Structures are given as structure tokens and as C-alpha cells.
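Input: a single structure, listed below in C-alpha cells.
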Amino acid sequence: MSTDDPRILGLRKRRAQALEAGGAGRIARQHAKGKGTARERLALLFDANTFQELGMLATARCADADEHFAGDGVVVGFGLIHRRTVFAYAQDATVFGGALGEMHGRKICQVMDRAVESGAPIIGLIDSGGARIQEGVYGLGGYAEIFRRNALYSGIVPQISLLLGPCAGGAAYSPALTDLLVMVEGQSYMFLTGPEVIRAVTGEEVNAEQLGGARMHISTSGLAHFVTQTEQHAIALARRLLGYLPSNHLENPLLSAPGVELPNAGEILNSIVPLDPRQPYSMHAVIEHVVDAHSFLEVQERFARNAIVGLARLAGQPVGIIAQEPEVLAGALDIDASDKITRFVRFCDAFNIPLVTFVDTPGFLPGIDQEYHGIIRHGAKIVYAYSTATVPKLSVVTRKAYGGAYVVMSSKQLGADVTLAWPSAEIAVMGGEGAAAILYRKEIAAAPDPNVARARYAEEYRERYLNPYTAAEGGFIDEVIEPRETRARLIGALIALRQKAIVPLARRHGNMPA
Amino acid sequence: MKVRVQVDGQLYEVEIGDLNSRPIQAMVDGELFAVWPEEVAGVVATLPPVQEDPMADVGARQQPFAAPASGDQVETMTSPLPGDILVVAVRAGEKVEAGQLLCTIESMKMNNPVRSPRAGVVEEVFVAVGDHVNYGQPLVRLR
């Protein structure tokens with residue numbers, strides 16, 4: 001609209017300057033790297049034309065800086081994603097490399113505060129070189145203010161971090177405190193001390209990508225929950241993730257239209273567990289044939305692959321899936337698997353997402369290394385997480401559930417609401433050979449052929465104990481079902497338990513092992 | 001599959017494992033043998049393709065990372081757990097796909113498959129059927 005009112009023209013000029021951010025040259029350089037600007041990314045994240053910016057004209061007050069840029073290197077605001085309000089901040093790599101200064105930090109904090117007060121998720125689009133050195137402790141203080149909010153708001157609203165560039169030094173703690181962390185291959189990296197410092201101190205040669213790239217964090221450190229090929233994919237994934245989550249801890253996740261199962265799912269499930277207990281099978285396939293077709297979104301897919309965690313839907317109801325993968329490490333629980341399961345169970349419990357656990361584990365992984373590194377305190381976290389979770393808890397034992405691993409994986413006695421088992425389930429203190437060796441040590445030693453005797457006792461034990469029926473007789477398994485009935489049983493239980501309400505005992509807070 | 005074979009008048013009881021795995025395992029009167037059959041290209045090519053079972057393969061479900069830009073990368077697959085080598089499914093020089101079975105380790109009362117994390121060529125196989133391996137012991141070198 002044309003006007004000659006100088007006040008309006010003045011505003012237009014300031015806004016136009018702010019939108020230029022670091023200037024055309026720096027924007028072109030960002031584009032040349034295949035990266036978008038903060039505003040371009042936000043436009044992709046939110047439903048069309050729903051994003052409203054806050055603090056576009058905020059500027060650093062630090063006198064030492066040579067240049068000042070409106071917005072101070074971060075774009076913050078709110079908008080709609082799938083027609084629900086979400087707050088977001090996007091660091092702008094074209095202004096001081098996205099480095100965090102005082103005003104930059106205050107803008108992020110303000111948007112986090114507004115999000116929590118209005119019960120809406122927070123998404124951080126991170127692309128920052130670190131603290132702005134010229135601003136000294138003011139920048140550091142900004143980090144502290146963000147971290148404190150990440151922690152205080154944990155479990156109140158979902159917090160998702162999209163790493164779309166570097167995130168080095170202490171800055172890395174903010175994404176680590178959030179619920180879900182997405183990295184982009186070849187574009188994002190995170191570490192506390194960079195390659196130069198490592199070279200100087202330990203003499204180790206490593207580049208940024210090897211040290212803290214997406215591949216490392218998705219498979220080795222377990223920090224990243226997802227890795228995508230491009231930043232567009234990361235942004236699309238964030239939109240998809242929100243579809244499984246409520247806006248805050250007081251709401252339930254939205255029900256979607258009930259999905260259907262994959263074709264022939266019942267038949268496939270009924271024949272999926274091999275008769276030979278030594279033959280592995282794919283627990284991923286079990287999950288995908290139980291839940292709504294194509295609804296399973298695996299979290300931390302490449303980390304601790306002996307355990308499976310992910311979001312899915314059953315008749316449109318979002319659920320958190322926890323399972324073991326018998327194809328990897330026989331499905332044994334180890335330190336990394338324990339951490340992965342614990343964090344996911346607590347995430348789901350915080351946001352009213354029912355837990356569905358599929359159990360097939362021969363136990364905890366034996367080894368000096370595991371014991372020395374504290375498998376006990378890590379495994380104890382699974383107990384803590386399942387015991388304190390108050391959302392509906394369902395479990396299905398598909399095959400092995402031995403010893404301590406049976407206990408920790410959502411057993412009836414740990415508070416599972418409905419426990420199911422397939423006829424192939426083996427719920428016992430241990431497997432046949434181990435039990436025979438202990439129970440019949442003397443008989444085996446005295447036998448003319450100890451090997452034959454051991455095999456015979458193991459077989460006896462297997463027939464007597466390695467089944468679901470002892471547990472069902474004891475009331476530890478509610479129902480032994482055909483595998484093809486699993487989906488219907490779970491859906492029925494989820495509907496029955498929808499109003500489940502548990503008031504935890506009063507306390508300041510528990511003290512989870514770490 | 002169990003067969004009886006007569007060689008020089010002597011009758012042997014032979015139990016043959018999965019014909020699609022390499023080597024094929026054959027149990028002859030309680031002793032395990034690994035057999036590399038002669039592959040006849042023409043015959044193999046006319047066989048119907050293996051039924052793609054969408055659920056059979058966990059490894060293949062994952063989007064493999066793009067191959068590194070900087071030429072060939074050598075990677076040694078190590079044993080994820082201690083146990084006995086039950087099957088060696090590849091030979092040096094063989095091309096493998098992501099998710100393809102490299103070997104099977106008997107451990108934790110399970111036959112644990114070790115699959116290729118990516119497509120490549122097997123440079124060297126460090127283990128043979130019957131070997132005991134420990135955590136982290138090299139199994140196969142991929143290029």
C-alpha cells in the first residue's frame with residue numbers, strides 16, 4: 001500500500017533492513033552451502049503464513065561490537081504446525097555466524113517462557129558458532145539462562161532441537177537437554193572440545209565431522225535421535241514428530257484416524273518366531289505388523305540396535321514402542337540399550353504416551369567391560385523408569401524373557417497393566433543349559449557321559465519351565481495369546497486404560513540412578 | 001535336508017543346511033563341513049529371484065549413509081559378542097550389499113547374524129567355521 005507518512009516509511013525501512021539479516025553476500029554464501037536462512041527454515045517449519053516474529057528489531061547493546069544487526073542473529077516467534085501453536089527460535093548464521101550474545105539469548109528465553117506459559121512445544125533450529133566472544137560473560141550467561149529453561153521446562157512441553165549447523169562447546173548442552181534431537185548428515189556437528197583443542201591436549205588427530213558429526217552421534221554417542229539427509233528433511237521430520245505428541249503434559253496426544261494393519265499381518269505374526277530357539281527373527285517386523293501400517297517411527301535407530309524404541313500408532317492412538325531385537329546381540333540388554341530404553345520410557349511417560357513393550361531378551365550382556373562400566377546402575381534405570389511411569393503400560397513377551405531382564409522389561413510386578421505372552425514365550429530364571437548345569441551339577445558330574453546328561457537335563461528343564469504357562473498360572477502373564485491377536489488385544493487394552501489415573505506418592509522428587 | 005550317501009561301499013548320513021548360504025553346511029556323521037559349491041553362472045541366472053521378504057532384513061530397512069566422497073574406505077567388521085563362528089557366508093573378493101549376511105556367531109544361545117553395514121567388497125575374511133571369537137575380534141575387512 002503506498003503511503004507518504006514518514007513514520008510508516010521509517011518502519012518499512014527498518015523492517016526491510018532486519019529481513020536482510022547479515023546482508024545479501026552472507027545469505028548467498030549460506031545458500032551456496034545448501035543451507036537456508038533462519039526465516040526460510042521457519043517458513044518451511046510452520047503452516048503457510050502462520051509464523052509471527054517477535055523481537056525483529058532487538059539489537060545487541062554491547063558497545064565493543066563493530067556492527068549491529070537488527071534481530072541479533074536469531075529469529076524467534078510462534079505459529080501453527082498442523083494447526084496447533086508451536087514456538088520456535090532459529091539462529092541466523094548470517095549474523096556473527098549465529099553466535100550467541102546477550103540479546104540473542106534473551107530472545108530465545110522469552111520465546112521459551114511464552115511457550116511454557118501457553119502450553120505449546122518449543123522447536124530450536126540451531127546453527128551457531130558458539131558464544132559471541134566480544135560479549136564475554138553476557139553471552140555465557142545467555143547460555144545458562146537457556147539451559148536452565150531447558151531443564152525446568154523438561155516434561156512440561158515437548159522440546160525438539162534441529163541441528164542445522166555447528167553447535168560447539170557448552171552450547172551443545174541445550175540440545176542435549178531437549179527431548180528429541182535431529183542432525184543433518186554432513187552439515188551439523190556437536191562437541192564440547194573441538195579438534196584443535198584435542199590435538200593440543202592429547203595429540204589425537206580428528207576432524208569436526210569425525211569428532212561430532214551426525215554419523216558419530218547417531219551411532220556411537222547416542223546423542224542424536226534422528227539423522228536426515230538434508231535440512232528440509234529435518235524440518236519435515238519435526239512436523240511429523242509433533243503429530244505423535246501432545247502440546248504439553250496436561251494434554252493427551254491427538255488421536256488420528258484409525259489406521260489399518262499391513263496385509264496378512266496376522267498370518268505373518270503367527271509364523272514369525274522360528275521353532276528353533278537359536279534362530280533369530282526380526283522384531284522390527286513384529287512391530288510393523290502389529291501397529292498401524294507405516295506409523296512406526298523409530299527413534300535412535302542406529303544406536304544400541306539390540307534395543308528398539310520408537311513412536312507408532314495403534315488404531316490412531318500414539319504409543320511408545322520398546323523392544324529388543326534378537327538379530328542384534330541376541331537382544332541382550334547392555335549399558336547403551338539401558339540408557340536408550342530409560343530415556344524413551346521417561347519421555348513417553350512425561351507426555352502421556354502409553355508404553356507398549358515387546359520382550360525377547362536372553363538377559364544382560366555378560367562381560368567384564370559391561371560390569372566395570374556400571375551395567376548395574378544403567379540397568380537399574382530401566383527399573384526406575386518403568387516403575388515410576390504412570391501411563392498405560394502393556395507388554396508382550398514374544399520369546400525369551402530370562403532372569404533380571406524379564407523383571408526389568410515391563411513385567412507385571414514392575415507395574416505393567418496388561419501383560420501378554422505368545423505361546424513361544426520362555427519366561428524363566430535362565431535358559432536350559434545354564435539351569436541344568438546349576439540344578440543338576442552333581443548328577444551331571446556323576447553321569448557316565450556328562451554331555452549327554454547335561455543335554456537331557458536341559459531338555460527336561462526346557463519342557464517344564466521355558467514356556468509362558470508357569471507365568472500365566474502365577475498371574476504374572478494375564479493372557480497367553482496367538483500372535484495374530486496381539487493388535488486387537490493391545491488396542492482393546494489402550495481403550496480400556498485411556499482414563500488410567502495414578503497419583504504418585506508425595507515426595508520432592510525421586511533419585512534415579514545415573 | 002537329510003540324505004544318505006554311499007561312497008566306496010560306506011554309507012554316510014549327511015545333514016545339509018540352508019542351500020542359499022555360503023558355505024553350505026553339511027553335517028557328516030556328527031562332523032561339520034563347510035562346502036563351497038561350484039557356482040554355474042548360467043544356471044544361477046535362470047533361477048527365480050529370491051522372494052523379497054520385506055520383513056526379513058533389518059539391515060536393509062535402514063537408509064544407508066551415502067558412500068564417502070573420498071575414494072575407497074576400508075572398514076573392519078569386528079565381533080559384537082563372544083562366541084563360536086557357525087557360518088561364514090562370504091569369501092574374499094566377493095561383492096556384498098548393505099544388510100547382507102557376512103557370518104553367524106553362536107552366542108547367548110542364539111545364532112547371531114553379522115550383516116554388512118554397507119555395499120562393498122570383502123577384502124579379507126579373518127575367521128573360519130568353528131573359530132572362537134571374542135568381543136571386538138576382526139571378522140571381515142570390507143572395502
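Lettering follows sequence order; numbering is per chain, from 1. Side-chain atoms are counted along with the backbone in the values below, which use heavy atoms only and exclude waters and symmetry mates. Everything quoted here is computed from the prediction, not taken from an experiment.
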How long is the straight-line distance from CZ of B:Arg115 back to CD of A:Glu327, given to the nearest 0.5 Å?
4.0 Å
Contact residues of residues 231-238 of chain A (partner chain B; heavy-atom separation under 4.5 angstrom)
none
Could you pull out the closest heavy-atom pair between B:Asn112 and A:Leu329, with the gap in Å?
OD1-C, 3.9 Å
CG of A:Leu275: more than 12 outside heavy atoms within 6.0 angstrom?
no
If you draw a 6.0 Å radius around NE2 in A:His373, do more than 12 non-hydrogen atoms from other residues or ligands fall strictly inside?
no
Within 6.0 angstrom of B:Glu97 CD, more than 12 heavy atoms from elsewhere
no
Counterpart residues, side chain to side chain contact (heavy atoms under 4.5 Å, CB included), relative to B:Glu106 (two or more places apart)
A:Arg278, B:Leu86, B:Asn111
With sequence neighbours left out, what residues match B:Arg141 under side chain to side chain contact (heavy atoms under 4.5 Å, CB included)?
B:Val74, B:Thr76, B:Glu123, B:Glu124, B:Phe126
Heavy-atom count around A:Phe226 CZ within 6.0 Å, excluding the residue itself: above 12?
yes
Taking salt bridge (charged side-chain N to carboxylate O under 4.0 Å, His left out) as the definition, give me every residue that meets it alongside A:Asp360, ordered by chain and number, with sequence neighbours left out.
A:Arg399
Closest non-hydrogen contact found for B:Met110 with A:Pro277 is SD-O, 3.4 Å
Turns out that what part of A:Pro366 lies under 4.5 Å from chain B's heavy atoms comes down to both
Leading residue by heavy atom contact count with chain B [cutoff under 4.5 Å; candidates A:Ala332, A:Pro280, A:Gly363, A:Gly432]:
A:Pro280
